[in-house]
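Along the sequence shown, residues carry numbers from 1. Not measured: the values here are computed from a predicted model. Below, all heavy atoms of this structure are taken into account, side chains as well, without hydrogens, waters or symmetry copies.
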Amino acid sequence: MHRRPPTRLAVTALGALFGMICLPAAAENKGAWHLFNPTPRDQMREMSTDRPDTTESPYTVPAGHFQLEMSFFDYSRDLSPDPADSVRNQAWSYGLMNFKVGVTHNTDLQVIFDTYTQERSTTDEVTDKLSGFSDVTLRFKMNMWGNDAGTTALALMPYVKIPTSTRLSNNEWEGGLIVPLAIAINDRVNLGLMAQMDLVSDPNTRGYDIEWMQTATVGISLTEQLGMYVELVGVAGPSTDCRVLLDGGLTFAVTDSLVFDAGVRIGLNRAAEDIGVFSGMSFRY
């Protein structure tokens, strides 16, 4: 989780008119700020991103402002956990987008999708390729406390995955609940914890299973611009083996509203993907 001061989004004519007529005290009342009555520039909280680590941020986008978090690329490679099986899986994803808009002072709405993904499964004799556009995920983040001040912050993030009927889609509606917690250890070190419950489709039973994810990440500010993180991720479900990954990366803030990142994932057991590398950026306007 990385927090950086933001930039200003111009108020639309409709929003300004609504704010002038209906909410004259908005500058003094944070609860009065919303999509059409944006948070004033001098009252905006520091920018916080849900990437590059798996642990999501409990902080929301200020009301009436927009934030885009995207990957340039994400590559993963995985060999079959069975030593007798020669299957090798690889995946490339380009332009994973998380577009966010601040709805109220403590809530934001997010739309997540891949612009292009390619998956390749290879055996000794056959190579199977899939590519194209993936499913779309809608998320709603509600900060419960600590959005503006305090040493801790927590949010609730229900989400739903909408099938797109492409070759990469499983054509199933899925969803879940994400609960991220942030703890400030000191001025330079932050701890992030997250619990996630996913309702995922089970093709064998044609029903749904509950899958659990737990994460813990430590973020360190090395300088005013450079930061790093180390994270442990565990995923378990009734129809899949437990997967444990270790990941880490660096962030570089070009400005208060533009941050670049890069990192690596390493599987710690056979069920997890062997390795993954990624890079991306986040900015707010």
Side-chain angles (χ1 to χ4, degrees), residues 1 50-58 71 74-85 87-91 93 96 98 110 112 114 117 119 121 134-142 144 154-163 168-183 190-219 229-249 263-278:
M1 298 169 295
D50 287 328
R51 63 167 300 119
D53 50 5
T54 303
T55 305
E56 311 292 14
S57 164
S71 68
D74 191 315
Y75 167 77
S76 64
R77 187 193 68 189
D78 186 31
L79 302 181
S80 171
D82 185 353
D85 194 342
V87 175
R88 298 181 298 278
N89 298 309
Q90 298 182 82
S93 178
L96 171 64
N98 185 357
Q110 307 178 9
I112 303 173
D114 277 327
T117 296
E119 297 179 354
S121 180
S134 64
D135 292 332
V136 175
T137 300
L138 298 181
R139 304 198 308 193
F140 181 76
K141 182 187 294 188
M142 175 181 293
M144 306 305 292
L154 182 137
L156 300 179
M157 296 177 60
Y159 77 91
V160 60
K161 181 182 73 68
I162 304 172
L168 293 174
S169 173
N170 64 356
N171 296 319
E172 298 288 348
W173 289 76
E174 296 174 334
L177 177 65
I178 305 168
V179 183
L181 171 68
I183 304 171
N190 292 277
L191 172 66
L193 302 172
M194 187 183 79
Q196 179 172 333
M197 180 190 72
D198 302 314
L199 193 65
V200 298
S201 174
D202 186 340
N204 297 320
T205 64
R206 295 187 178 181
Y208 287 87
D209 294 330
I210 294 179
E211 191 171 83
W212 299 91
M213 177 188 292
Q214 298 83 35
T215 72
T217 183
V218 176
Y229 76 92
V230 178
E231 180 180 51
L232 187 65
V233 179
V235 183
S239 60
T240 58
D241 295 330
C242 178
R243 305 186 300 278
V244 182
L245 299 102
L246 177 69
D247 61 89
V264 61
R265 297 183 301 270
I266 300 173
L268 298 184
N269 64 349
R270 285 188 175 274
E273 67 180 47
D274 295 329
I275 191 169
V277 292
F278 55 89

For L177 and P158 the tightest heavy-atom approach is CD1-N, 3.7 Å
> Which is it for F140 and Q110 under the side chain to side chain contact (heavy atoms under 4.5 Å, CB included) test, yes or no, and what are the steps along the way?
Replying inline: CA-CA 6 Å; F140 181 76; Q110 307 178 9; over 6 Å; no
### Query
Can any side-chain N or O of E211 pair as donor or acceptor with the backbone N or O of V235 at less than 3.5 Å?
no
Subject >> Chi angles and distances behind the salt bridge (Lys or Arg N to Asp or Glu O under 4.0 Å) call for K161, D198 >> reply: CA-CA 10 Å; K161 181 182 73 68; D198 302 314; over 6 Å; no
Result for side chain to side chain contact (heavy atoms under 4.5 Å, CB included) between W173 and one of V160, D135, L199 points to V160
F278 and V264 have their tightest heavy-atom pair at CE2-N, 3.7 Å
### Query
Is the backbone N or O of L96 less than 3.5 Å from a side-chain atom of S71, with the two atoms forming a donor-acceptor pair by type?
yes
Is the side chain of N269 donor-acceptor paired with the backbone N or O of V244 at a distance under 3.5 Å, no angle test? yes
Rounding to 0.5 Å, atoms OG1 (T55) and CG (L191) come to a distance of 9.0 Å
If you define the side chain from C-beta out and look only at heavy atoms, does anything of M194 sit under 4.5 Å from I178?
yes
Residues S201 and E174: closest non-hydrogen pair is N-OE2, 2.8 Å
Taken to the nearest 0.5 Å, the spacing of T137 OG1 from I162 CD1 works out to 8.0 Å
Apply the test side chain to side chain contact (heavy atoms under 4.5 Å, CB included) to residues E119 and N89: give CA-CA distance (whole Å), side-chain angles for both, the deciding distance (0.1 Å), then the verdict.
CA-CA 7 Å; E119 297 179 354; N89 298 309; over 6 Å; no
On a heavy-atom basis, the closest approach of P58 and P180 is CB-O, 3.7 Å
- Task: Report yes if some heavy atom in the side chain of E172 is under 4.5 Å from a heavy atom in the side chain of Y208; otherwise report no.
- Result: yes
Output for pair (I112 CD1, N98 CG), nearest 0.5 Å, gives 4.0 Å
Y75 meets the ring-ring contact (aromatic ring centres under 6.0 Å, His included) criterion, sequence neighbours left out, with W92
Residue set satisfying salt bridge (charged side-chain N to carboxylate O under 4.0 Å, His left out) with D114, at least two apart, ordered chain then number -> none
Contacts satisfying salt bridge (Lys or Arg N to Asp or Glu O under 4.0 Å) that involve residues 230-239 (not counting sequence neighbours) are none
Practice problem: Check the pair D50, S57 against side chain to side chain donor-acceptor pair (under 3.5 Å), reporting the backbone distance first and the verdict last. | Solution: CA-CA 5 Å; D50 287 328; S57 164; 4.5 Å; no
Going through the checks in order, is the side chain to side chain contact (heavy atoms under 4.5 Å, CB included) test met by V179 and M144?
CA-CA 10 Å; V179 183; M144 306 305 292; over 6 Å; no
Result for salt bridge (Lys or Arg N to Asp or Glu O under 4.0 Å) between E56 and one of R51, R139, K141 points to R139
Minimal heavy-atom distance between L168 and S134, with the atoms involved, is CB-CA, 4.5 Å
Taken to the nearest 0.5 Å, the spacing of L268 CG from D247 CG works out to 9.5 Å
What one should report as the nearest heavy-atom pair of S93 and T117 is OG-OG1, 3.5 Å
One should read off an interatomic distance between D274 CG and D78 CG, to the nearest 0.5 angstrom, of 5.0 Å
T54 versus T217: any side-chain heavy-atom pair under 4.5 Å?
no
CD (E273) and CZ (R77) are apart, to the nearest 0.5 Å, by 10.5 Å
Is there a side-chain contact between N190 and Y229 in this structure, where contact means two heavy atoms from C-beta onward sitting under 4.5 Å apart?
no
